[in-house]
Amino acid sequence: MGYGELIIRSYDVQTDRLRVEDLERRCEVGPTERVFLFTDTLGDPICRIRNSPMYKMLVAELGNGELVGVIQGSIKRVTIHKPTEELAKVGYVLGLRVVPLHRRKGIGLRLVRKLEEWFISKDVDYAYMATEKDNEASVKLFLEKLGFVKFRTPSILVHPVNNNRVFRTPPNVEIARLNVEEAEKLYIKFMASTTEFFPYDDIGNILRNKLSLGTWVAYPRGHELRGVFGSNLDVLPKSWAMLSVWNSGELFKLRLEKAPLSCLIYTESSKLIEKYFPCFKLPSIPDFYDPFGFYFMYGVHKQGPLSGKMVRTLCKYVHNMATNNKDCKVIVTEVGGNDDSLRVHIPHWKLLSCPEDLWCIKALKNEKEKTLHELTKIPPTIALFVDPREV
């Protein structure tokens with residue numbers, strides 16, 4: 001296939017929706033030697049970017065009208081630490097799909113470059129993307145051919161929802177739900193200056209989105225918080241934690257086609273153990289072979305010596321919420337790869353989790369090259385904010 005036979009253009013909902021949905025069904029997500037994970041966009045191919053401040057989808061079409069590839073992008077302003085703090089306009093590359101029959105023909109390369117042209121036209125400072133570090137084709141495309149560099153390696157933590165198990169809140173811990181204004185003030189005060197890629201201008205819109213189920217804070221019982229989180233943020237408990245929840249299952253569903261033998265064995269054995277030896281309290285893995293949704297925990301933050309316990313309590317609270325949603329089979333969160341102080345307190349199963357996701361970044365302006373070099377050389381000790389709209 002020569003380049004002259006390929007047309008890359010903007011997505012047209014009238015003519016492309018059904019064809020893009022069909023393409024998504026044929027394109028797996030993740031390393032194929034381990035698992036085939038397919039997405040169902042529920043009739044809305046741009047569902048993963050629709051809630052972003054600015055977004056675009058491109059399609060690749062052959063001269064005969066066959067749709068062979070798609071890509072999506074979104075734009076926002078976030079905090080960048082290099083080590084001084086500033087706000088930068090970033091473009092996120094996601095949803096790159098090329099049908100199996102037409103891979104290794106340069107289609108993905110041309111889609112990304114066309115999306116970069118759109119980023120540049122919108123005065124974007126940096127483009128970034130996320131992929132699994134074992135996805136050799138994706139890593140080679142972005143690092144070797146497109147000039148991206150490795151930026152961060154966050155951990156994706158996954159915990160199955162067991163509808164037959166409800167966790168109790170410890171008697172010495174209180175959980176309170178914050179309103180949007182309270183949550184926004186807390187996030188800006190405690191995360192904006194210490195967190196990479198925090199959407200400073202947009203956090204309120206995220207919290208107000210209908211897919212954001214709410215924000216909760218946990219703290220030691222006995223503290224009076226009436227008005228504290230909303231007005232006087234200097235009068236806080238010595239230990240507390242907060243997080244927000246996004247219902248990704250309302251946007252799209254996931255479906256597993258193949259899984260490691262160890263996962264299959266564990267699934268079946270855990271069901272038997274749960275049935276015949278309930279005293280072991282071992283939850284079974286849900287059935288992932290039917291389409292399922294998930295909750296995404298974002299903005300996880302903690303303060304104080306007892307805050308780890310507060311994080312664990314909040315995670316179990318979210319699990320209890322998920323048991324009331326039959327469609328929700330897992331709870332997912334993503335934290336900085338070096339943030340062990342947070343990761344160890346978030347319940348997750350190693351069998352289902354990804355210890356090292358890979359974020360890559362590229363400067364789109366010449367004057368940002370030096371800044372990017374400084375940014376990538378800084379040890380990844382600063383917390384990382386993962387926008388739920390880009391999951």
With a 4.5 Å heavy-atom cut-off, do [X] and [Y] have their side chains touching?
X	Y	answer
Val20	Tyr11	yes
Thr79	Leu87	yes
Val391	Phe294	yes
Asp44	Phe252	no
Arg77	Pro199	no

Looking at [Y], is its backbone amide N or carbonyl O close enough to the side chain of [X] to form a donor-acceptor pair, meaning the two atoms are under 3.5 Å apart?
X	Y	answer
Arg103	Val98	yes
Lys316	Arg312	no
Tyr126	Lys89	no
Glu374	Thr371	no
Glu334	Ile156	no
Ser353	Val158	yes
Thr323	Asn320	yes

Quick one: do the [X] and [Y] side chains pair a donor with an acceptor below 3.5 Å?
X	Y	result
Ser212	Tyr298	yes
Ser155	Arg343	yes
His102	Lys105	yes
Lys150	Thr376	no
Asn172	Lys309	yes

### Task
Just do the side-chain contact (heavy atoms from CB on, under 4.5 Å) check on Cys315 and Met297 with the steps written out, would you?
CA-CA 8 Å; Cys315 291; Met297 298 189 304; 3.6 Å; yes
Determine, for [X] against [Y], whether the closest basic-nitrogen to carboxylate-oxygen distance falls under 4.0 angstrom.
X	Y	value
Asp40	Arg25	no
Glu116	Lys362	yes
Lys329	Asp290	no
Glu24	Arg97	yes
Asp357	Arg152	no
Arg19	Asp12	no
Arg208	Glu184	yes

For atom [atom1] of [X], decide whether the heavy atoms of other residues, nucleotides or ligands shown that lie under 6.0 angstrom number more than 12.
X	atom1	answer
Tyr200	OH	no
Lys238	NZ	no
Lys114	NZ	no
Glu136	CD	no
Asn366	CG	no

Ring center gap for [X] and [Y] short of 6.0 angstrom:
X	Y	value
Trp240	Phe190	yes
Phe167	Tyr317	no
Trp359	Tyr128	yes
Phe119	Tyr92	no

### Task
Give the cluster check for Val173 versus Ile346: same hydrophobic cluster or not, with ILVMFWY residues linked at side-chain heavy-atom distances below 4.5 Å.
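Cluster IDs for Val173 and Ile346 differ.
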Calculate, to the nearest 0.5 Å, the distance between atoms [atom1] and [atom2] belonging to [X] and [Y] respectively.
X	Y	atom1	atom2	value
Phe296	Leu243	CZ	CG	11.0 Å
Thr215	His301	OG1	NE2	13.0 Å
Ile331	Thr333	CD1	OG1	10.0 Å
Ser138	Met129	OG	CE	3.5 Å
Tyr219	Ser239	OH	OG	14.0 Å
Phe198	Ser193	CZ	OG	9.5 Å

### Message
Checking salt bridge (charged side-chain N to carboxylate O under 4.0 Å, His left out) between Lys76 and each of Asp387, Asp125, Asp202, which is the one that passes?
### Response
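So the option named by the test is Asp387.
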### Query
Parallel, tilted or perpendicular: which describes the rings of His159 and Trp349, with under 30° parallel and over 60° perpendicular?
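Aromatic pair His159/Trp349 classed perpendicular.
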### Query
Could you walk me through whether Phe385 and Ile203 pass the side-chain contact (heavy atoms from CB on, under 4.5 Å) check?
CA-CA 11 Å; Phe385 186 94; Ile203 184 63; 4.0 Å; yes
### Task
Walk me through it: do Leu207 and Ser244 pass the test side-chain contact (heavy atoms from CB on, under 4.5 Å)?
CA-CA 8 Å; Leu207 296 170; Ser244 301; 3.7 Å; yes
### Query
Could you walk me through whether Asp22 and Arg17 pass the salt bridge (Lys or Arg N to Asp or Glu O under 4.0 Å) check?
CA-CA 9 Å; Asp22 178 66; Arg17 183 178 65 83; over 6 Å; no
### Task
Have a look at Ile71 and tell me which of Leu115, Leu94, Ile8 forms a side chain to side chain contact (heavy atoms under 4.5 Å, CB included) with it.
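Among Leu115, Leu94, Ile8, the one meeting side chain to side chain contact (heavy atoms under 4.5 Å, CB included) with Ile71 is Leu115.
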